[in-house]
There are 2 protein chains.
Amino acid sequence: MTEPVRATLAAVAKLAGVSPSTASLAFNGSGPVAEATRERVRQAALELGYDGPDPRARSLRRGRSGIIGVVLEEALREAFRDPMNLAMLDGIADVTGAAGNSLLLLTESAGPGSALVDAPIDAAVLFGCSPVVDDKVRIVQKRGIPVVAIEGRPLPGVVDVGLDSREATRALAAHLHDLGHRRVALVTLELDRDRHRGVLNPARIDRATSFTALERIRGAQEVYPSIGGVATLGSTIDEGRLAGHALLDPGAGEAAERPTAIIAQSDLLAAGVIRAAHELGLDVPGDLSVVGFDGVRVDDPLVPELTTMVQPGLEKGRAAGRALVDLLAGREARSVAFTSAFRRGATTARAR
Amino acid sequence: MTEPVRATLAAVAKLAGVSPSTASLAFNGSGPVAEATRERVRQAALELGYDGPDPRARSLRRGRSGIIGVVLEEALREAFRDPMNLAMLDGIADVTGAAGNSLLLLTESAGPGSALVDAPIDAAVLFGCSPVVDDKVRIVQKRGIPVVAIEGRPLPGVVDVGLDSREATRALAAHLHDLGHRRVALVTLELDRDRHRGVLNPARIDRATSFTALERIRGAQEVYPSIGGVATLGSTIDEGRLAGHALLDPGAGEAAERPTAIIAQSDLLAAGVIRAAHELGLDVPGDLSVVGFDGVRVDDPLVPELTTMVQPGLEKGRAAGRALVDLLAGREARSVAFTSAFRRGATTARAR
DNA sequence: GTGCCGCGTCGAATCGATTCGACTAAGGTC
DNA sequence: GACCTTAGTCGAATCGATTCGACGCGGCAC
């Protein structure tokens with residue numbers, strides 16, 4: 001198993017009797033090369049088993065690696081359990097893949113070491129990142145690497161692909177208010193990286209770092225200024241179910257205290273809440289109205305079509321991808337904001 | 001916005017009044033450097049806004065990029081919809097991430113162009129890849145890049161992380177046979193990249209390229225040599241549902257023709273089949289027994305606990321990760337085969 | 001016949017760091 | 001005091017390709 005010394009372009013050139021420069025031209029066809037020469041180089045390459053330039057060397061010289069970093073804050077399993085994230089990732093892959101780029105998965109934590117700062121990436125896209133990665137982002141930017149954020153806190157020099165989270169949540173809250181609901185509770189996405197569930201209170205909200213969760217809280221507060229609720233660890237049906245139980249089954253609580261409507265910050269959470277309601281013998285929307293967010297298909301026959309805000313996940317991803325491609329090509333890219341569409345499902349009804 | 005020429009190590013060295021070599025040593029601490037010198041270099045770096053070596057140059061020199069390619073054949077959205085794939089990916093990320101590697105997503109199609117052959121990867125892991133990528137894998141291997149396959153067809157020089165798909169399916173089939181089932185049908189994973197659903201027949205099976213699907217078919221054939229069924233487009237509940245309808249509701253078919261048991265090649269498919277059965281008014285397991293494969297939690301209250309073979313997805317991923325890390329360190333790595341465990345759920349019963 | 005043009009090829013610089021061997025000076029040993 | 005070691009630093013080669021400017025040569029125009 002002795003490695004027979006991997007062939008280099010120089011070796012091919014020598015065998016073909018041309019200079020390395022010519023061989024290079026012959027290979028990537030970017031210059032005027034006589035057909036005979038090209039053929040000779042091809043032959044030599046074949047003979048030496050050379051199939052294409054070393055990507056490392058090429059990327060040093062060209063200053064491009066063809067790789068875009070996808071920066072996530074969670075473990076992959078969590079980030080990709082949410083179909084909305086998958087849709088966005090897919091949108092990004094669509095556009096950037098067509099432009100010849102691949103995606104590098106980077107899960108950033110706090111702390112000093114970091115794959116982000118010394119990964120050979122040409123650009124980066126942040127997936128709902130909180131401030132813990134800000135300094136690393138700054139380092140990356142200083143390298144001249146364009147950065148696009150999806151629903152990030154506005155950051156200087158970062159192109160943002162946004163969503164009307166706040167206004168959309170306000171609309172949902174207004175819908176509930178119109179239906180006569182006055183005791184309404186929130187079930188939020190994770191607020192920060194503490195990984196703590198818990199009751200929502202002003203102090204907790206102050207410490208929150210997740211931009212999207214905060215925006216959606218604020219939207220709800222515009223209609224219900226003193227709204228409370230619980231924070232979850234992320235967008236899953238299970239978390240929603242736990243939250244649902246926490247809100248609907250408060251031990252010896254009187255029924256009069258129970259919320260008549262719940263604003264869940266994602267459809268998966270909403271589905272979990274509805275399941276919890278079922279388990280407690282509550283009818284949705286008879287006893288409890290529930291709204292979600294996202295507009296993903298929840299694969300659960302017990303969950304009727306949700307009243308929710310439908311957001312264009314794939315399109316958001318594509319927009320991020322376009323921004324990345326534009327920036328890489330030296331073109332301008334502007335932040336864009338997508339809007340979600342209200343969809344009235346079968347999970348909200350007039351308050352009793 | 002004029003780029004002030006990104007700082008290089010050489011510039012830092014000059015400012016600090018040392019040679020580039022010393023500066024390099026001072027940075028990655030791999031040689032004897034006087035504390036004073038180190039500090040001077042640090043200061044200079046700070047002054048110039050230099051934060052770490054260019055990953056491209058470093059990777060050329062070192063011959064390592066710290067990147068492992070994850071080769072998938074499907075669009076991301078499809079590959080990651082299956083929780084089993086996510087679990088494996090997570091296992092890989094666990095182990096390789098701890099060793100300082102990141103994962104590059106590569107979706108390979110047939111055809112000449114390919115991100116795989118000129119991505120700066122140190123190693124690659126194949127996710128259930130069919131022969132269409134074989135030639136590209138060979139090119140990559142020739143570069144001296146180690147390759148690990150998860151449930152791949154045995155390929156020379158490729159370390160395999162396998163599963164007892166065939167034997168496990170045989171066990172499931174035997175279980176059904178023991179229960180007295182004689183009319184049994186298969187619902188398979190996708191057989192190849194044709195993207196065609198369809199009735200399973202010998203010709204179709206002959207053309208199939210998906211190793212795992214084939215193995216599981218063969219396992220079933222050991223008990224039911226002439227078993228038929230339908231092929232799906234992949235492991236989703238929806239595909240299972242379609243397949244279920246195709247098998248259980250064959251137009252004006254007599255009930256006597258209907259299978260009394262179905263072997264689904266994944267739990268998601270099984271869940272879909274069960275849902276189809278419900279829709280047709282069939283009781284599971286009363287009228288129909290269904291077995292799955294994988295042992296993932298299906299989040300559907302209508303689907304009881306499945307009779308299935310539980311396979312260790314996360315562990316398989318970790319094993320693949322370990323193999324990659326070992327190979328990168330120049331150590332040996334041997335193929336491993338995992339076994340799945342029979343779990344009797346509530347979806348199989350004695351044939352009427 | 002001279003001059004100009006352009007195709008095809010080549011040399012050499014460059015991308016930015018790492019690393020090995022060599023060299024210097026200081027400290028320690030007998 | 002001669003000799004040896006070792007810490008600290010430096011020069012130069014190297015990784016493998018890309019690219020720019022130059023150059024030779026043949027053809028064409030005048």
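Here is how names work: the chains are called A, B, and so on, in the same order as the sequence lines, proteins then strands, and each is numbered from 1.
If you take CG on A:L46 and CD on A:Q43, they are separated by 6.0 Å, rounding to the nearest 0.5 Å. B:I150 CD1 to B:F211 CZ: the interatomic distance, rounded to the nearest 0.5 Å, is 13.5 Å.
Note that the first and last nucleotides of DNA chain C, 5' to 3', having any atom under 4.0 angstrom from a heavy atom of chain A are C:dG8 to C:dG16.
Nearest-nucleotide positions on DNA chain D place B:V18 closer to the 5' end than the other of B:V18 and B:L60. Of the two residues contacting DNA chain D, namely B:S19 and B:A57, the nearest-nucleotide position lying further toward the 5' end is that of B:S19. The nearest heavy atom of DNA chain C to A:S21 and to A:E35 marks one nucleotide each, and the one closer to the 5' end goes with A:E35.
Among the heavy atoms of the strands lying under 4.0 Å from B:P32 is at least one base atom, whether or not backbone atoms are also near. Contacts of B:S59 with the nucleic acid, taken as non-hydrogen atoms under 4.0 Å apart, are absent. Within 4.0 Å of B:Y50, counting heavy atoms only, lie sugar-phosphate atoms of the nucleic acid but no base atom.
Checked by atom type and distance alone, the side chain of B:D326 never pairs as donor or acceptor with a backbone atom of B:A333 at under 3.5 Å. No donor-acceptor distance shorter than 3.5 angstrom exists from the side chain of A:D160 to the backbone of A:P154, with no hydrogens or angles considered.
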Extract all donor-acceptor atom pairs below 3.5 Å that involve side chains of residues 120-128 of chain A and protein atoms in other chains or at least two apart in sequence.
from   : atom 1 : to    : atom 2 : distance (Å)
A:D122 : OD1    : A:S65 : N      : 2.9
A:D122 : OD1    : A:S65 : OG     : 3.1
A:D122 : OD1    : B:R56 : NH1    : 3.0
A:D122 : OD2    : A:S65 : N      : 3.0
A:D122 : OD2    : A:G66 : N      : 2.6

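Between A:E35 and A:R38 there is a salt bridge, with a side-chain nitrogen of the basic residue lying less than 4.0 Å from a carboxylate oxygen of the acidic one.
Between B:T22 and D:dT9 there is no side-chain polar atom (N or O) within less than 4.0 angstrom of OP1 or OP2.
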